[in-house]
Amino acid sequence: MLILGAIAAIGVEVGSVEWKHVRPIIEQHCLSCHHDGGPAPFALHDPESVALRARFIKEVTASGLMPPWIASEYGLPLQDERGLSDHEIGILAAWADNAHPMGDDLKPAKRPPESPAKDDVVVTMPETWTVPAEGKENWGRRDRDKWTFVLPIGNDDAIHVRGIQHYSTAPQVVHAVTYLADPTDASQWKDSRDDMFGTYMTGDIRDRPSGELGGTGVGHRKLRLPEGFHWDVPRGSDLAMEVHYRPLGRPLRLQDRIAFEVTADQNSRPLRTLISMVRWIDVASGASSTVEDQFVLEEDVQLVGITPRAMGTCTALRLTASLPHGEEVILFDAPDWDPHWRQTFLLEDVYELPLGTVIRGTWRIVNTEGNLRNPFVPIERLSMARRTGAVSILLHVAAEDPEADQRLQGWHRELMRSRMR
Amino acid sequence: MAMSCDSGLRTRHVEVRDTGGALQKPLVGVDVPFVVIVFASPDCPIANAIAPEIERLHKMTVDAGAAFYLVHARSDVTADTAQKHARKFAISAPILLDTDQSLAKELNATVTPEIVVVKTDQPTVEIIYQGLINNLYASLGNRRDQASEHYAREAIASAIVGQTVDPAYRKPLGCFIERAEP
């Protein structure tokens with residue numbers, strides 16, 4: 001009924017759905033990944049290619065698997081939303097069910113034009129790394145199929161980064177990538193502990209989380225902050241890049257480039273990272289648990305973006321704010337969390353969080369076999385700790401002015417220290 | 001147990017061309033105790049992710065003196081495409097191009113990857129295992145880092161010693177084999 005009604009709503013009979021009705025959906029929601037040379041395993045330009053997979057497309061769109069978009073509509077509006085409406089899902093289903101009639105209009109689907117990237121500073125992996133053909137266990141069995149690389153930026157002066165674009169030599173295997181600018185030698189030290197290029201360890205540097213500089217995801221390889229905001233990359237930094245990958249069944253060469261768009265705007269304000277997190281979680285085999293964290297903001301800030309971080313044992317997460325005047329706001333909600341589709345989510349509009357706001361993170365941990373994303377088979381006790389949170393949500397925020405920015409950083413350092421105790 | 005791969009009489013003489021153009025009868029095992037058929041697709045990420053395992057299964061089968069075929073059941077997959085795909089994914093098994101899907105229909109294969117282990121040392125064709133290769137994928141979109149259950153390996157091991165497989169059918173998971181005719 002849903003499908004019939006939805007299609008009637010756009011004036012098309014179920015039996016009359018043709019390629020011309022399907023094409024705009026493919027263009028808007030699929031081609032950012034499913035283009036030639038893109039991260040998806042096949043392109044969906046030609047009507048024949050789409051028709052060949054019509055039943056598969058129907059199934060993966062009806063189940064919500066595609067296009068991948070883990071944020072629900074209950075949170076704040078986000079940039080570049082990719083979810084399908086019910087009527088779009090209905091059109092794809094009707095087309096598949098009716099043996100995908102083509103009609104007369106056979107124009108191929110075209111990828112919408114993207115705004116050209118401004119690659120002011122480009123850093124490249126200094127060596128190649130081979131993505132293995134198959135997954136393997138990594139250290140600690142906690143985070144698998146990931147590798148952290150250190151890319152020297154070599155910047156003589158601090159740079160203010162407004163945009164980040166990730167160019168991959170193996171886009172089909174690279175999933176979530178998080179970045180951190182490290183002006184110390186800590187990330188180099190981590191990398192130098194063995195002879196391998198890169199390290200199996202995380203991209204965190206002490207209590208600074210990988211993702212401070214944002215994160216890109218599949219089909220979302222470009223981040224561009226709103227005008228007037230930037231990420232700080234201090235002089236002489238390295239870029240620590242934590243790459244989560246999905247082996248493709250054959251080894252692939254990885255030597256990615258990261259391009260920064262630099263802003264010259266003198267009034268641009270730096271983004272700082274606040275972390276809502278649970279440092280240690282302990283869930284028995286076969287058990288479930290909801291873990292929470294909350295803190296009170298001691299400064300007025302503007303929220304620009306959100307980077308959630310949790311593993312596959314987490315099935316849902318949510319970030320809320322209790323505003324000083326009593327209003328409850330869901331800032332971000334992922335009711336069906338899948339770590340492979342994570343990224344930094346930039347808000348459609350900057351959101352004001354006044355001093356006194358209570359920020360609350362909630363994570364649902366399901367350590368059972370029924371959780372199909374649980375990486376541990378057979379199920380075992382889940383006990384893990386991380387300085388930056390076994391589960392966490394990063395809030396990318398800006399203070400009102402330089403003095404408030406100083407206070408914000410000092411307060412957050414103290415908050416992190418207090419969590420260590 | 002409801003099985004889509006009901007054992008019994010089948011059209012043993014289904015003919016499919018290999019990448020060299022020669023007609024093969026994969027369900028007629030000449031001097032081999034069993035035949036292993038794996039349905040794949042050059043651009044199915046689920047089948048491709050399992051490519052190293054497919055090659056391991058191929059070696060295991062051949063070492064046991066049995067026959068193994070990788071089958072593309074799509075009209076648009078040419079010999080050249082199939083060979084390039086095999087080279088790319090280091091699969092050395094013989095490849096069949098089931099362009100009219102006669103073999104897929106005969107075996108009721110529905111997705112890629114899907115394995116069929118066929119006993120051929122008797123007058124009738126008997127499917128002793130069909131379906132899932134391993135549990136790398138928990139469901140569509142939910143892939144584990146590694147497989148922990150290896151159903152196809154166990155089925156081939158059983159075929160080698162002449163034992164039955166229980167269950168003989170595990171619903172496969174992957175990309176649909178789109179039927180040539182609706």
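The figures that follow rest on heavy atoms only: side chains count, while hydrogens, waters and symmetry mates do not. Letters A, B, ... are given to chains in the order of the sequence lines, protein chains preceding strands, and every chain is numbered from 1.
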**Item:** Taking every non-hydrogen atom, the tightest pair across A:D338 and B:G141
**Value:** OD2-O, 4.1 Å
**Request:** Answer whether the closest heavy-atom distance between the side chains of A:Q172 and B:N48 falls below 4.5 Å.
**Result:** no
Can you give me every donor-acceptor pair (side chain of residues 21-34 of chain B, partner residue at least two apart or in another chain, under 3.5 Å) with its distance?
from: B:Q24; atom 1: NE2; to: B:D18; atom 2: OD2; distance (Å): 2.9

**Message:** Return the CZ to CG distance between B:R144 and A:L372, rounded to the nearest 0.5 Å.
**Reply:** 7.0 Å
**Interchain contact, B:I50 with chain A, by part (heavy-atom threshold 4.5 Å)** = neither
**Value rounded to 0.5 Å, distance of CZ in A:R55 from SG in B:C175** = 11.5 Å
**Item:** Short N-O contact, A:D145 and B:R143, less than 4.0 angstrom
**Value:** no
**Asked** With a 4.5 angstrom heavy-atom cut-off, which part of A:A40 approaches chain B: side chain, backbone, both or neither?
**Response** neither
**Asked** Roughly how far, to the nearest 0.5 Å, is CG of B:D145 from NZ of A:K146?
**Response** 11.0 Å
**Request:** Please say whether more than 12 non-hydrogen atoms of neighbouring residues, nucleotides or ligands are located less than 6.0 Å from CG in B:D63.
**Result:** yes
**Request:** Indicate yes or no: at least one non-hydrogen side-chain atom of B:R74 is less than 4.5 angstrom from one of A:L52.
**Result:** yes
**Message:** So for B:I177, is it side chain, backbone, both, or neither that comes closer than 4.5 Å to the heavy atoms of chain A?
**Reply:** backbone
**Message:** Could you tell me if the side chain of B:V111 sits less than 4.5 Å from the side chain of A:F56, heavy atoms only?
**Reply:** no
**Request:** Please round to the nearest 0.5 Å and tell me the distance separating atom NE2 of B:H85 and atom CZ of A:R250.
**Result:** 9.0 Å
**Asked** Closest approach of A:F42 and B:P45, non-hydrogen atoms and distance?
**Response** CE2-CD, 4.5 Å
**Asked** What residue, out of B:E53, B:E149, B:R56, has the most heavy-atom pairs lying under 4.5 Å from chain A?
**Response** B:R56
**Prompt:** When you look at CD of A:E369, are more than 12 heavy atoms from neighbouring residues, nucleotides or ligands closer to it than 6.0 Å?
**Reply:** no
**Message:** At a 4.5 Å cut-off on heavy atoms, which part of A:E59 comes close to chain B: side chain, backbone, both, or neither?
**Reply:** side chain
**Request:** Flag the one option from A:P247, A:P68, A:A133 with the top tally of heavy-atom pairs under 4.5 Å to chain B.
**Result:** A:P247
